[in-house]
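Scroll down for the structure; my scribbles are underneath it.
Note: hydrogens, waters and symmetry copies are ignored here, and every other heavy atom, side chains too, is used. Numbers here are sequence positions counted from 1. Since this is a predicted model, take the numbers as computed values, not measurements.
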Amino acid sequence: MDAELRSAKAAYRNANAEGNHREEARWANVIADIMKKRGDYVIALNWLRIDYEISLKHLPEKHLLPTCQSLGEMYLRLEEFPDALIFQKKHLELARDANDIVEEQRATTQLGRTYHELFSRSDHDHNSIRNAKKYFKCAMDLAVKLKENPPNNKSSFLKEYIDAHNNIGLLEIDLENLHEARKILTTGLEICDEEEVAEFDDGRSRLHHNLGTVYMELRLWDEARKNIKRDIVICNRIGHCQGEAKGYINLGEMHYRTQRYEDASAYYEKALGLAKSLEDEDALVKQIQQNIETVREAGKVMADITKEEQSLKKLKRDIAAARGTSNERKFLLQQNAVLERLVEKARMISAWEKHCEYAKEKKKIASELCDRQKLADSYLDIAESYQKLRRFNKAIKWYKKSWQMYKNIGNLEGQALVKINIGNVLDSTNNWREALDAFQESYSIAVEADLPDVQLSALENMHYSNMIRFDDEDETRRLKLLIDKLKESKEKEAAAKNMSEDCCSETDTEADDYLSNSGSDNFCFPKTISQSKAPTTGDELEDDAPLMSLYQSIKSSSKNKTGHKESLLNSTKQAEQSPSSLKNQTSDHQTIVSRKRVRVILSDDDDDEVECSSRKDHDCLVDDLPTYNAIKRKASPCKIQVISEYGSKGAINVEESSSSFKCSSPHTATKSGRHSRSLSNDVVAEANFPTGSKCDTDFSGKQNDISQPRLHLSQNDSQKCITCRIGNDLIHVEATLCTTGDQLNIDSLKAVVACLYYLQFLPEKRSEGLLPIIEHIKCAGRDMESLETVEHLKEVLGNDMVEASVDGWIHKRLIKMYVDCCKELSEVPNIKVLMKLYNLEVSDDEIVVSDCDLQDLSITPLINALHSQKSFAMLDLSHNLLGNGTIEKLQKVFTASGQSYGGLTLDLHCNRFGPTTLFQICECSLLFARLEVLNISGNRLTDACGSYLSTILKNCTALCSLNIENCSVTSRTIQKIADALDSRSVLAHLCIGYNSPVSGNATVNLLSKLSTLKRFSELNMSGLKLSKPVVDALCKLAGSLTLSGLLLGGTGIGTEGANKLVESLLKGNEELVKLDLSYCGLTCNFVLNTSVNFFCSILELNLEGNPIMAEGSDTLFSLLVNPQCCLKVLVLRKCQLGLTGILHIIEALAENSCIEELNIADNSVPKECSTLQYDLSVKSCSQNQEQKLDAMQVDDNQEVLCSLNTPNYKLEVADSEDIALEAAASGIDDSCASSCQRNSSPECHLTQQFSIAIGKAKNLQLLDLSKNGFSAQAVETFYGSWATLRPLSSQKHITEQIVHFSTRENKCCRVKPCCKKA
């Protein structure tokens, strides 16, 4: 970068000296771009100003276009919005004058970004949101126009089209339309896939980042984690340090929200390191540091919660002993105080599951205390929990209960606040009109009760609804005037109050002193809290009064409820935040009233991003934490920063989902979704992305710190480090190198230990090329072969360390040469490459370095080593990031070897090769006699490769296998392949699947040529849509040749075509090894009409994705139990078999001695819920109409009473609170209500049946039961049966989405599907 900058400055000085203004302006712009990439935005702006001045004075007007664009972008990065708008509008004007649609599209995008940012920084800027919508829509329309009719052939303008989706999706996030945002962003990714955008494209990064945000707000943690991780991987690959840092911030946010504080801190620390490596990113660094501090404080709060829970357990025991005595009420009040503290602490750290649990316990105590004020408050807490958990129906139900209770006791303030919260929930469910009605009703109540703070909150929400939801400019303006007027009057009252306090009498001062001494933390909390009392006969209840004496008095007391006030502060608890208390507190909360999340719309014309600085009052914004004063006291500053990115990502929302933001809590009823949008209370999300050794060990193998030779476990699973000892040497191994998910791969661990141990040798010893063979690795005296996960290893390890022993030595000449070449080039050896080359199961002639993150530059040491090795029989470079430059180097290797005979397998699939890759092969005549297998699938070859493929097929006389699957070729290339084939060809295997469009004529011609080949045996046409003439030609081919493999997945040949094809295949003399009919539109009729002979002549059958249904399972059972069945692999994934059908298939394996692999994943059907549904028996004297509110409604904001979930089998029943109303508060004897009773016998019975069936499948080596809705307990039971038959070799791979049982010899997930050998 420094050399590039020096060169650019030298060129600028030369142009200036020569008076060449055009070059002078151009080099000034180049220097600005270099400085921008380094993060030196101020310096970049200075150079852009130079460019602008030169262009304005000396060059034609068209030269101002890029200059204005760059200046507008830079001013936006520096958040100087007025200047940004000036240059962006000039940019747009110049573009329109020049009729330049490309620049016009860029200008509208930047204007949309700027107006969006202005909107995110204001509560009432209606004009900005309108302009943001207008310009983004215009940018999208222009992007579509450019994509459909590009002005030149240099660009397809696909990037602009994709980024336009991202911009609009981000705007929808900011407007809290999360489902619409998810739809738009997902469409953007689908476009990337359809148009075959590079896997590590920056546009994909932005889409994944913002989708991660959406899923995080929807509390879909797995989807959020997947997208954020993908964002980080892409940013890391493309060297986008800022984007990678912000991805790690998002991972930290997600872990913070799920109370995994150690992991959150680890990700923030990783983000901090990346941010500090950038220039002019002080705001980003500061925000991350504040996040780390907040996480630290949250950890302290969680520790406090644990202590309080212990106190609560003790109080429960005391209450049990004091039942019926005079101490019962005292203990209940103490328990209530503890629960109130727990509720507040859970709210502080957004632990909503715990919050709900404590709130429900608090409700029970309030019922026993016969205190309807406390009961209403507890209803409010429960409702808040459900709202934050996005269970909106339950939230509405509990808010209504709370509202009714406040109404019964005459608490107008409580009613008004509940109405605001109901409006927030309705807004989250897109019931915008009903939400506005609720806000208006709240305002009316607040006016009636003379509650200015609540009035202000209601007006703010009404203003938001009219501005965002209904775009009503007149009403928005009217409400804005009311808000300003109300704020002005509040300020005057506050000023008058301050003056009176300054002039207070000595008596007043003494009274204040008394109050301050009598309460705790009164500098943070109001001195008095409004609370409704529950008198018996006009007198105050005594704490030690027996509870039974209260039940009769409560009926008459309701008539006297008028909302009396009393001081309830005591030294044992935080201020109680009931709605009635807000009169004294709302003024404190008003500092956190704000509406919109901070969002920054990305650019479509640059890859860099800019940090988003915090809002104006950013030290007093605490979204989602209603007890702001308490938080300020307990964890100041309690902020989790969200980072927004220009040019790539939007800021991550505050704390919870869009609904969560709408009210900071039911107590304050501020719309936190629209109010607290500042950066200062946003957090961000999680990822398991390795970025190098985390254990103070470099790849030289030399440990920098041997004071901790244990299993090092950092905050994040991906950062776990295993320290292994061989004799006196310590080797630190990054756990990600030897784990799949959370499972430990012992063979990989042995390989990486051997390689790192070799790297520790002195150069003289390393020159021998001898690497250790590690046969046994033990910890705590136990063989690690039996350990399955890193967590298990941690438990077993304790204070010991891993011990490895060298059981022999093996000569690996290529590893020695590779390490030497790395040293010559001053490169660090790639540990993944070393592990692949160390593989003891392959010969030295097989070079397999797949999935090693290799690029054209980083592969140079390996290619240099291959120059020295010269001869090899197989080269596998699949699943890397290699381009045409690598093939040019390899061509020189092949030429230099001089080897003109001996078979060669070349596997290049899933890289970045283009058509000229094949040209390099054509130019190497030594390969003509050697090349036997060529796999170049998954590379964008396009039809430009047609002539090269034709040359290879004609000249490579030994070529027996060609794979061009998913290479973006069309009918033209297929026809050229057909033309190049003749009867002399030895081609035996051809794969042309997943290319489009391929016409029927071209395919028929190819099939006709294939029928003339003597050795042809396997054809893969998956993903091609086959017409009837093609199916007929295929049947003719199957009848004329003895095919061993036919893969037709996704071809849509239908039942009729499949039956016809099977008839043709059965005419052959040899057995068909493999047949793939997945997703072909087959029905159960195909199975019903299948001949027994068919199952007796095939080894592998794939029927995935065909609706065989339960009806077909009986026929499959009969076919499988047939003694002549020779199937070894059967795939029935997504065949809608149902649990009964799955069970039937597994039971058939008891009598089948052939099948080794069975995949019956994803076969449960919704209607089978009733099979396992709990028997709910409700006995209650009340009708419990509220119970019906949430029953059997499926949505992301609605719950299913009994559902068989995909990740976990869980049956959810209605809350006990729905069945038994509070008897004490209502005067109804609670003996007449009973809770729901569960009857789990159907599940137990089904589990037992499956367990027995699995236990009888003796010959099975691999079983996939994923996504069938089995509970974790059931899965463990199944594995117990599986392991019983295979005590020494059984393996399992179980996560939320995966249930795999396998054996050590046939372990699941060991290779990618595209890498499986035919």
Side-chain angles (χ1 to χ4, degrees), residues 1-8 33-34 37-38 197-202 204-205 232-244 274 277 607-608 689-693 698-700 737 755 759 814-837 847-869 872 875-896 906-921 923-924 936 938-940:
M1 181 67 78
D2 290 338
E4 183 183 8
L5 182 60
R6 286 194 298 271
S7 175
D33 187 62
I34 293 172
K37 290 179 179 178
R38 293 175 58 170
V197 173
E199 182 180 2
F200 299 105
D201 183 76
D202 61 314
R204 285 183 182 269
S205 166
I232 291 175
V233 170
I234 295 173
C235 288
N236 178 270
R237 294 290 178 87
I238 65 178
H240 185 5
C241 188
Q242 188 189 53
E244 187 180 358
L274 292 166
S277 68
D607 298 335
D608 302 312
F689 181 71
T691 57
S693 177
D698 58 24
F699 281 131
S700 68
L737 295 171
C755 293
L759 292 177
L814 185 57
I815 290 182
K816 183 258 179 189
M817 291 188 292
Y818 171 67
V819 173
D820 289 345
C821 291
C822 286
K823 184 177 180 181
E824 291 174 8
L825 297 172
S826 299
E827 293 284 341
V828 177
N830 184 324
I831 189 63
K832 292 184 179 180
V833 171
L834 290 173
M835 291 171 63
K836 294 282 187 177
L837 297 179
I847 316 300
V848 181
V849 285
S850 62
D851 201 12
C852 290
D853 301 326
L854 292 172
Q855 301 183 28
D856 286 340
L857 186 61
S858 60
I859 198 177
T860 302
L862 178 61
I863 290 180
N864 291 347
L866 293 178
H867 263 291
S868 302
Q869 172 141 331
F872 46 88
L875 180 60
D876 183 353
L877 300 175
S878 61
H879 294 282
N880 284 293
L881 305 168
L882 303 172
N884 295 336
T886 296
I887 293 298
E888 292 179 16
K889 298 173 186 176
L890 281 175
Q891 199 238 44
K892 295 176 182 178
V893 172
F894 293 130
T895 303
L906 202 54
D907 191 344
L908 307 174
H909 77 271
C910 294
N911 276 279
R912 293 177 173 176
F913 296 121
T916 54
T917 294
L918 299 180
F919 170 74
Q920 297 296 334
I921 295 175
E923 288 293 296
C924 186
I936 198 164
N939 293 283
R940 188 173 175 80

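- Shortest non-hydrogen contact noted between E244 and I232 is CG-CG2, 4.1 Å.
- Residues Q891 and E923 share a closest heavy-atom pair of NE2-CB, 3.4 Å.
- Note that NZ of K892 and CD1 of I863 are 10.0 Å apart. Values are rounded to the nearest 0.5 Å.
- In this structure the side chain of V849 reaches within 4.5 angstrom of the side chain of L877, judged on heavy atoms.
- Using a 4.5 Å cut-off on side-chain heavy atoms (C-beta onward), L890 and L875 make contact.
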Practice problem: Begin from the C-alpha positions of K816 and D820 and carry the test side-chain contact (heavy atoms from CB on, under 4.5 Å) through to its verdict. | Solution: CA-CA 6 Å; K816 183 258 179 189; D820 289 345; 3.0 Å; yes
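- Looking only at distances, no side-chain donor or acceptor of D876 sits under 3.5 Å from a matching main-chain atom of S850.
- Here the side chains of V819 and L834 are in contact, with some heavy-atom distance below 4.5 Å.
- Formation of a donor-acceptor pair under 3.5 Å by the N911 side chain with backbone atoms of L882 is found in this model.
- Atom-to-atom distance recorded for F200:CZ and H240:NE2 is 15.5 Å, nearest 0.5 angstrom.
- In this structure the side chain of L862 reaches within 4.5 angstrom of the side chain of L837, judged on heavy atoms.
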Exercise. For the pair I831 and L737, evaluate side-chain contact (heavy atoms from CB on, under 4.5 Å) and give the outcome as yes or no after the intermediate values.
Key: CA-CA 9 Å; I831 189 63; L737 295 171; 3.8 Å; yes
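- Of all heavy-atom pairs between F913 and T886, the closest is CE2-CB, 4.4 Å.
- Residues C852 and K836 meet the side-chain proximity criterion, which asks for heavy atoms closer than 4.5 Å.
- To the nearest 0.5 Å, atom OG of residue S878 and atom CD1 of residue I936 are 12.0 Å apart.
- Between F872 and F894, the ring-plane angle classifies as tilted under the 30° and 60° cut-offs.
- The one candidate from D853, D851, N880 that meets the side chain to side chain donor-acceptor pair (under 3.5 Å) condition with K832 is D853.
- Distance check, rounded to the nearest 0.5 Å: CG of L881 to CG of L857 gives 12.5 Å.
- Taken to the nearest 0.5 Å, the CG atom of L5 stands 11.5 Å off from the CG atom of D33.
- Distance CD1/I859 to NZ/K889: 8.0 Å, rounded to 0.5 Å.
- In terms of heavy-atom proximity, C924 sits nearest to T895 at SG-OG1, 3.8 Å.
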Self-check item: T860/E827 under side-chain contact (heavy atoms from CB on, under 4.5 Å): CA gap, chis, key distance, verdict
Solution: CA-CA 10 Å; T860 302; E827 293 284 341; over 6 Å; no
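- Within the 4.5 Å cutoff, no side-chain heavy atoms of I234 are placed close to those of D202.
- Of all the heavy atoms in L814 and A865, the pair that sits closest is CD1-CB, 3.8 Å.
- Side-chain contact between R237 and V233 is present, with at least one heavy-atom pair separated by less than 4.5 Å.
- With contacts defined as side-chain heavy-atom distances shorter than 4.5 Å, the pair N864/M817 does not qualify.
- Side-chain atoms of N830 never come within 3.5 Å of backbone atoms of L854 as a donor-acceptor pair (strictly under, hydrogens ignored).
- Minimum heavy-atom separation, S205 to C235: OG-SG, 3.2 Å.
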